[in-house]
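What follows is a set of notes on a single structure, which appears directly below.
In this text the structure is predicted, and so the values were computed from the model without any measurement. All chains are named by letter (A, B, ...) in the order of the sequence lines, taking the proteins before the strands, and each is independently numbered beginning at 1.
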Amino acid sequence: MTRTTLTGWGRTNPSVAELVDVFRAELPDVLKEAGPRGALVRGLGRSYGDAAQNAGGLVLRLMGSATDAVLDRERAQVTVSAGASLDELLRYLVPRGFFVPVTPGTRFVTIGGAIASDIHGKNHHVDGSFGNHVVRMSLQLADGSVAELSRTQDPELFWATIGGMGLTGVVLDATVQLLPVETSRMAVDTYRIADLDRLMAVMDDGEDEAHRYSVAWIDLAAKGAQLGRSVLTRGDHARFDELPAKLQTDPLAYGPSQLVSVPPVIPRPGLLNHATVAAFNELWFRKAPKRKLGGIESISSFFHPLDMVGQWTRFYGRSGLVQYQLMVPFGQEEAMRRIVERVAASGTASFLAVLKRFGAGNEAPLSFPQPGWTLALDMPGGAPGLGSLLHALDEMVLEVGGRNYFAKDAHTSPETIRRGYPRLAEWQAVRRRADPHGVWQSDLGRRLRLAAED
Amino acid sequence: MDNAFGQPQTIVVLGGTSEIGLAIAHQLLSPVTRHVVLACRDLVKGEQAAASLRGDGFEVSVAHFDGADTASHERVIGEIAERVGDLDVVVLAFGQLGHGEATGQDVAEAAALAHVNFTGAVSASVAVANRLRAQGHGTLVVLSSVAGERVRKANFVYGSTKAGLDGFAQGLGDSLVGTGARVLVVRPGFVHSQMTKGMPAAPFATTPDVVAQLTVKGLRAGRRTVWAPGILRVVFSVLRHLPGPVWRRLPLG
């Protein structure tokens, strides 16, 4: 047990906790050592803010890997430890002809983290979020017992744990519904689009539903008539007959690798400023084909391009990176436009801005996705005025009935969350039943007063 | 908890009627502020100060705190934390200036000044640091002074208490590395305020607002010391090495 400084992936909001590596059988004993600052489980630390930190308390890392995964080919389901990563799981599943139901922009997240944040991916408009595909799970409760949860067995706690940010207990293992695939390749359509209005119109033309995956990258360094110029990609798992002959010899080959890792010697202000980002974005936009249909890409280049560069957030320098992800309901395209204009006008370089259409939400009271548009922004934490910009964006989002995402949050207030998540009280009641003494605590929970019933 | 921009939710000012302390609290206000606690001896003046800070979305309260009453420090700070939750930023802003060379000739006055400015500050800092260490995060801002950088005859009792406090605070900061808690030492020069009203201003005189702006900038940049204004760091790196007879004769007010 060691006192360790922990941050999220954005490397903002540091705090110190006792970090303990535990096997699931040890959990009940370790929990007895939790003091007034409580305990929390941490996965691979890919939440951008302070979700996987517990200042002054215990932070548990659950040992486990995909080597103990059990695949049920008939049902297309896998049962796996919550500590296993999507990376490990994909290496196990893809060669066997299956794919995870949802993957975010990185494969370095754990199954437990995927459930706790109820993560989404490029297929949300068709398949919903990760929680939609969880068949069952077992949950370590604060009192030392283990609960078996599913849609029929204590469904309230099942759904409170999905999107519950680890504040209901430690997910020990889960059974997840999979997607059978013929190949390990993606068939991708790419379109270059001149501005934001056209982008939203194209994304809304009904064609999105014909593809399992769809997402747009927006250049937020471009202003004026070029505001919102973007690259839209839509993809599907390639069928065997779509592969070129060369790839057909080993259609399920899968071996993602990291090309380089960023060393910890980036100069203090970081390398990402308005000039470098604008130049990068210009290249990215020009590199994209105007219109290209059926291009064949690997899983990693389509889903996880940033994983090729280890520790890429170090490019942001000492003050780290702040992610902001918001959603606004359908019909609020005008509000989304104002938000994009506001970010572009602020001159705060946003390296990656990603726009996507969400489909239906699920029953989890704290699940982020709702039908509408979601925008994710990466910004340097040290950018002047960024605090005020994000508080202003919060207000614009709440006014039109939107909300922001816990797994990315590093800045907002308890009031913002209460307005954006009207079902918070419902979740709190379930949490109180599962954890009456408030053992599960996190910095995010403290900062946003998630457990405070006021 | 601070957010990603170093915007605290709770701000406590020990010496809650101090103009610099209030200016720092004011500078730290943001949409995520929940509690500002002004801890001071004079509750009436404390309420007046609180009124100047009030705004939307956060609570300003006044707590009784006496820098000289070291026996009460742990309890008072415990009670504040009990009420407002984790302490994100605590500003140690209490202290007295004394009456220049006259204080240096009055046994009781000199001892009382040293007690509040040094012993009281040490006691309160230790009480705060214990809290911050246990909660795994938080910053203690200690208002030192350039008067402690090289003590001058015009206010040597005051200057020596700040010299002691400055050294203490740096050592405390070093001892807290790795605990999540940290200490920021602020060294203002001559500050135009109620405390210095009627006194001749020293070169590079500044205002509470400027000190506050530099302090908050230093907090967000994760610095361990802040000079206000920044030029004083250079000035004192020279003054520190002047021969005694020259230093003694300098017209520094």
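No other option in A134(B), A4(B), G180(B) has as many heavy-atom pairs under 4.5 Å with chain A as A4(B). When T7(A), N13(A), D50(A), T5(A) are compared by the number of non-hydrogen pairs under 4.5 Å with chain B, N13(A) comes out ahead.
Residues satisfying the salt bridge (charged side-chain N to carboxylate O under 4.0 Å, His left out) test with D66(B), not counting sequence neighbours, are none.
Only the side chain of P414(A) comes within less than 4.5 Å of a heavy atom in chain B; its backbone stays farther off. Neither the backbone nor the side chain of T4(A) comes within contact range of chain B; no heavy atom of the residue lies under 4.5 Å from a heavy atom of that chain.
Q53(A) contributes atom CD, which lies 7.0 Å from atom CE of M1(B) (distance to the nearest 0.5 angstrom). Here the CD atom belonging to Q9(B) is positioned 7.5 Å from the CG atom belonging to L448(A), to the nearest 0.5 angstrom.
Counting heavy atoms of neighbouring residues, nucleotides and ligands inside a 6.0 Å radius, atom CZ of R342(A) does not exceed 12 of them. H241(B) NE2: more than 12 foreign heavy atoms inside a 6.0 Å radius. Sparse packing is recorded around CZ of R41(B), with 12 or fewer heavy atoms of other residues, nucleotides or ligands lying under 6.0 Å away. Remark: R150(B) CZ is packed, more than 12 non-hydrogen atoms of other residues, nucleotides or ligands lying under 6.0 Å away. Other residues, nucleotides and ligands contribute only 12 or fewer heavy atoms inside 6.0 Å of the CZ atom of R61(A).
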Result block: side-chain N/O donor-acceptor pairs under 3.5 angstrom for residues 30-38 of chain B, not counting sequence neighbours:
| unit_1 | atom_1 | unit_2 | atom_2 | d |
| --- | --- | --- | --- | --- |
| S30(B) | OG | V32(B) | N | 3.2 |
| T33(B) | OG1 | S30(B) | N | 2.8 |
| T33(B) | OG1 | S30(B) | O | 2.9 |
| R34(B) | NH1 | E415(A) | OE2 | 3.3 |
| H35(B) | ND1 | E59(B) | OE2 | 3.2 |

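The side-chain heavy atoms of Q135(B) and R37(A), taken from C-beta on, include a pair separated by under 4.5 Å.
Within the structure, ring pair (Phe, Tyr, Trp, His ring centres under 6.0 Å) contacts touching residues 168-188 of chain B (residues at least two apart or in different chains) do not occur.
For the residue pair R3(A) and G136(B), the shortest heavy atom distance occurs at NH2-CA, 4.3 Å.
At a heavy-atom cut-off of under 4.5 Å, chain B is reached by L386(A), G387(A), L390(A), H391(A) from residues 384-400 of chain A, listed in order of number.
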* Asked: Hey, mind stepping through R447(A) and D88(B) against side-chain contact (heavy atoms from CB on, under 4.5 Å) and telling me if it holds?
  -> CA-CA 11 Å; R447(A) 187 167 56 77; D88(B) 296 340; over 6 Å; no

